[in-house]
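Quick caveat: nothing in here was measured; it's all calculated off a predicted structure. No hydrogens, no waters, no symmetry mates; every other heavy atom, side chains included, goes into these values.
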Amino acid sequence: TPSLMHPVIIQNKRFYSGGKPYFPSTHFLMFPISSHVYFSHLISDADRQVMINNIKTNGYNSIYLYTLNQGDYGGKSVTPYLDENALVGGVFNESKIQQWRVWLESMINDGIRPVIWLFADDSIKISTASITELKRYIQKMVVSFDDLPVMWVLGLEVDEYWSKAQSDDLGAYLQSIANNPVGIHQQGGLTNYMTSLWVDFGVYQYSFSGTWVEIYNNALSSNIAIGNKPLIFAEYHVGQDTQAVSEGLGAAFAGVAGVGNGAPGGLDEFMETLPDNMTPSR
């Protein structure tokens with residue numbers, strides 16, 4: 001069992017782990033392949049190793065992973081079900097799920113915290129599946145992985161395919177059975193689903209253009225909009241370059257609780273040394 005990484009808990013607008021502040025950082029839109037499809041049977045172990053090396057080399061401490069995807073990232077599908085064509089429903093692939101767990105434990109032992117995203121966008125087979133089946137799937141993932149120090153996100157751009165009522169139904173169920181914190185991600189600029197009581201933290205999408213000053217100001221207002229819970233500024237830049245670094249830094253200095261599309265290596269360690277409420281109050 002991985003031993004060095006503690007679970008994440010939440011106090012107001014900040015994450016903690018092992019009694020200390022915790023600032024998750026990553027870049028899930030790294031080239032050549034997004035870490036989101038790490039579990040896809042359509043990519044190679046070499047591809048997976050590139051992702052891990054990228055995260056380590058760039059000084060990040062977390063990784064975003066889909067456990068169910070149909071159409072996102074050019075159809076690099078991900079499914080824990082035995083029937084990979086049907087994608088959703090029927091018997092679970094127990095040996096595959098066990099392999100996923102081995103990979104998760106390896107990441108954790110490397111100091112990389114898995115952030116597990118249960119649903120992808122652009123995936124009609126997923127978004128039209130029955131609520132009963134989707135809850136069975138959620139339960140299976142929680143039973144399989146929630147004893148590990150992971151974080152959960154209901155889905156990417158959830159408001160693209162589910163109403164707030166549907167999102168609340170699935171999200172509240174997830175939050176009720178998971179010990180680890182649960183977040184939600186919406187389309188660009190939106191936070192209205194994030195204010196639901198079951199949402200432990202928001203996962204925010206800005207856009208893919210903007211100066212670091214614009215990012216800073218947007219992060220300030222978005223952080224306030226979701227209320228007294230952490231906001232991860234997750235989506236703001238494609239590719240690895242100095243702009244990604246500056247935008248991640250701008251969001252961090254606005255007081256967000258984590259970043260997902262690049263930042264200076266080691267930013268997490270710096271942010272974790274700051275006292276509570278220091279950055280938003282400046």
In terms of hydrophobic clusters joined by side-chain contacts under 4.5 Å, are Val245 and Phe233 together?
no
Any chance you could lay out the salt bridge (charged side-chain N to carboxylate O under 4.0 Å, His left out) test for Glu94 and Lys140, step after step, and finish with the verdict? CA-CA 10 Å; Glu94 299 295 345; Lys140 182 66 174 180; 2.8 Å; yes
- Task: Examine Phe15 together with Phe201 and report whether their ring centres are nearer than 6.0 Å.
- Result: yes
Side-chain heavy-atom pair Phe208, Leu29 within 4.5 angstrom cut-off | yes
Task: Under 3.5 Å donor-acceptor, Arg48 side chain and Ile43 backbone - done: yes
Between Glu214 and Thr211 (side chain of the first, backbone of the second, donor and acceptor by atom type, cut-off under 3.5 Å), is there such a pair?
yes
(message) Any side-chain to backbone donor/acceptor pair from Tyr236 onto Gly262? Under 3.5 Å, distance only.
(response) yes
| Under the side chain to side chain donor-acceptor pair (under 3.5 Å) criterion, do Asn192 and Lys164 qualify, and how do the steps go? | CA-CA 9 Å; Asn192 58 311; Lys164 188 168 186 298; over 6 Å; no
Tested for side-chain contact (heavy atoms from CB on, under 4.5 Å) against Trp162, the lone hit among Asp169, Leu134, Asp168 is Leu134
- prompt: Stepwise, does the side chain to side chain donor-acceptor pair (under 3.5 Å) test hold for Trp117 with Asn69?
  reply: CA-CA 10 Å; Trp117 298 56; Asn69 172 48; over 6 Å; no
*Mind telling me whether Trp212 and Tyr216 have parallel, tilted or perpendicular rings, with 30° and 60° as the class edges?*
perpendicular
With Tyr204 as partner, the option from Leu190, Asn218, Ile232 fulfilling side-chain contact (heavy atoms from CB on, under 4.5 Å) is Asn218
**Asked** Same cluster for Ile9 and Trp198 if Ile/Leu/Val/Met/Phe/Trp/Tyr side chains link at under 4.5 Å?
**Response** no
For this session: Indicate the ring-plane relationship of Phe39 and Trp103, choosing parallel, tilted or perpendicular according to the 30° and 60° boundaries.
Result: parallel
*Are any non-hydrogen side-chain atoms of Tyr173 and Gln139 less than 4.5 angstrom apart?*
yes
Quick one: does Thr26's side chain have a donor or acceptor within less than 3.5 Å of a partner on Ser62's backbone? yes
Quiz item: Parallel, tilted or perpendicular: which fits the ring planes of Tyr73 and Tyr66, with parallel below 30° and perpendicular above 60°?
Solution: tilted
Taken in chain and number order and not counting sequence neighbours, the residues that satisfy side chain to side chain donor-acceptor pair (under 3.5 Å) with Tyr137 are Thr67
Heavy-atom donor-acceptor pair, Ser246 side chain to Gln243 backbone, under 3.5 Å: yes
- Task: Walk me through it: do Asn53 and Gln49 pass the test side chain to side chain donor-acceptor pair (under 3.5 Å)?
- Result: CA-CA 6 Å; Asn53 292 345; Gln49 193 57 53; 3.0 Å; yes
- Under a 4.5 Å cut-off applied to non-hydrogen side-chain atoms, are Val8 and Asn180 in contact? no
Examine distances only and state if a side-chain atom of His27 and a backbone atom of Gly239 form a donor-acceptor pair shorter than 3.5 Å.
-> yes
**Asked** Cluster question for you: counting only ILVMFWY and a side-chain heavy-atom cut-off of under 4.5 Å, with indirect links fine, are Met5 and Tyr22 together?
**Response** yes
Verify, without hydrogens or angle tests, whether Gln166 (side chain) and Ser163 (backbone) share a donor-acceptor contact under 3.5 angstrom.
yes
- Message: Can you confirm whether Glu160 is buried at CD, in the sense that more than 12 heavy atoms of other residues, nucleotides or ligands lie under 6.0 Å from that atom?
- Response: yes
(request) Could you go through the side chain to side chain donor-acceptor pair (under 3.5 Å) check for Asn54 and Thr57 one step at a time? (result) CA-CA 5 Å; Asn54 241 322; Thr57 302; 6.0 Å; no
*If we ignore angles and hydrogens, is there a donor and acceptor under 3.5 Å between the side chains of Asp200 and Gln175?*
yes
### Proximity of Tyr81 and Phe92 rings by center, below 6.0 Å
yes
